[in-house]
Amino acid sequence: MYSILGSIDPIAFSLGPIDVRWYGVIIAAGILLAFLVGQREMVKRGLHPEFLTDLLIWAVPLSIIGARIYYVIFQWGHYKENPGEIIQIWNGGIAIHGALIAAVIVAYIFTKRRNTSFLKVADILAPSILIGQAVGRWGNFINQEAHGGEVSRAFLENLFIPDWIINQMYINGAYYHPTFLYESMWSLVGIIILLLLRRVNLVRGELFFFYMLWYSVGRFFIEGMRTDSLVANGLRAAQIVSVIAIILAIGLIVYRRIAIKNPPHYKDN
């Protein structure tokens, strides 16, 4: 798997002619862990045990499609000249914001059809979303992508991170910021805070809005370090989306606190 003379092999194992990559394994592990945590809370909050399974059957594939569409839109200059590559997702090119937008749309439609509160489900799944993101970023680590600008080995050693992470950040003759690690750790802290906030019994929707706020603040600053950002009119797309999400989250929290009298809370049925 790892050699002192080289980076981690991105291929986990092979099944005949099919190579199974660590990226896919890690993403799948993140989804599974997120599912297990979300499923337990779903049942605790009175939802049917198969509710989350049914939701993920739609949400996972459509989120992957959304992630690809988002990426293609911001790389349209390339793909309009190479339309045959648009569906070649196996060659890389997905964006988490596209996946999140698609997942929210799917979840909203799904909950409406099941006559269930979207915000109730969103609150329950907020920690699970961050779990999936915290784990999934390690797929970027394996692929040596989504990293920041060049740094020295001494800088990385001063972060007190293991040598195997430092060595993997050595790419084409230089060391780089492990921005995947920054985002993963930021997400981990967010998970802990969200789990603690559950005990406060906030107004329904506020756990999900806090997720939006927390992730977006971290992503805004971490995105500024990255060297592979999608760009729109000279601005980093992820930072634009993050600012919009921050404003929207704060606005919805304030508005609903003022406009809705006796709103339902997290632990309400």
Side-chain angles (χ1 to χ4, degrees), residues 23 26-27 30-31 34 59-60 62-80 85-86 89 91-107 122 125-151 169 171 176-191 193-194 208-252:
Y23 185 89
I26 291 171
I27 294 297
I31 293 173
V60 171
L62 291 176
S63 293
I64 294 172
I65 293 173
R68 181 60 172 178
I69 291 173
Y70 184 99
Y71 183 86
V72 169
I73 288 173
F74 287 103
Q75 296 287 342
W76 185 241
H78 170 78
Y79 287 106
K80 71 178 179 180
E85 296 182 12
I86 291 176
I89 194 170
N91 290 328
I94 58 176
I96 185 63
H97 275 132
L100 291 172
I101 292 169
V104 168
I105 293 172
V106 171
L125 294 181
S128 292
I129 298 171
L130 273 182
I131 288 171
Q133 291 176 245
V135 174
R137 276 303 176 196
W138 288 84
N140 298 131
F141 164 71
I142 297 294
N143 285 352
Q144 295 182 306
E145 61 189 9
H147 56 71
E150 187 174 335
V151 296
M169 287 294 98
I171 306 166
Y176 292 90
H177 268 293
T179 45
F180 85 92
L181 179 63
Y182 304 157
E183 187 170 325
S184 184
M185 294 299 99
W186 181 260
S187 297
L188 180 60
V189 174
I191 294 165
I193 295 174
L194 280 170
F208 180 66
F209 299 146
F210 177 82
Y211 155 75
M212 290 174 56
L213 182 62
W214 180 265
Y215 174 68
S216 298
V217 168
R219 181 61 187 272
F220 179 87
F221 290 104
I222 294 169
E223 188 69 22
M225 302 180 189
R226 287 178 53 170
T227 59
D228 62 342
S229 299
L230 297 175
V231 177
N233 297 321
L235 301 174
R236 296 174 188 253
Q239 289 186 316
I240 296 173
V241 174
S242 293
V243 170
I244 293 173
I246 290 168
I247 294 172
L248 186 61
I250 294 174
L252 286 170

Please set out all donor-acceptor pairs under 3.5 angstrom arising from side-chain atoms of residues 238-245, sequence neighbours excluded.
| residue | atom | partner | partner atom | Å |
| --- | --- | --- | --- | --- |
| Q239 | NE2 | F220 | O | 2.8 |
| S242 | OG | A238 | O | 2.7 |

Considering all heavy atoms, the nearest S128-A34 contact: OG-O, 2.9 Å
Any pair counted as salt bridge (Lys or Arg N to Asp or Glu O under 4.0 Å), so long as it reaches residues 91-107, sequence neighbours left out: none
Those residues that, when tested against S216, pass side chain to side chain donor-acceptor pair (under 3.5 Å) (two or more places apart): none
Contacts of type side chain to side chain donor-acceptor pair (under 3.5 Å), residue Q133, not counting sequence neighbours: Y211
Side chain to side chain contact (heavy atoms under 4.5 Å, CB included) partners of I27, counting only residues at least two apart: Y23, I31
Side chain to side chain contact (heavy atoms under 4.5 Å, CB included) partners of V72, counting only residues at least two apart: R68, W76, Y79, I86
Partner residues of Y70 under the ring-ring contact (aromatic ring centres under 6.0 Å, His included) criterion, sequence neighbours left out: F74
Side chain proximity check, Y71 to L230, heavy atoms < 4.5 angstrom: yes
Residues in side chain to side chain donor-acceptor pair (under 3.5 Å) contact with N140, at least two apart in sequence or another chain: R137, E145
Sub-4.5 Å side-chain heavy-atom contact between Y215 and L100: yes
By side chain to side chain contact (heavy atoms under 4.5 Å, CB included) - contacts of I73 (at least two apart): I69
Results of salt bridge (charged side-chain N to carboxylate O under 4.0 Å, His left out) for R226 - residues two or more places apart only: E223, D228
Pairing residues for W214 by the side chain to side chain donor-acceptor pair (under 3.5 Å) criterion, not counting sequence neighbours: none
pair M169-F141: side-chain heavy atoms closer than 4.5 Å: yes
With L252 via side chain to side chain contact (heavy atoms under 4.5 Å, CB included) - residues at least two apart: F209, L248
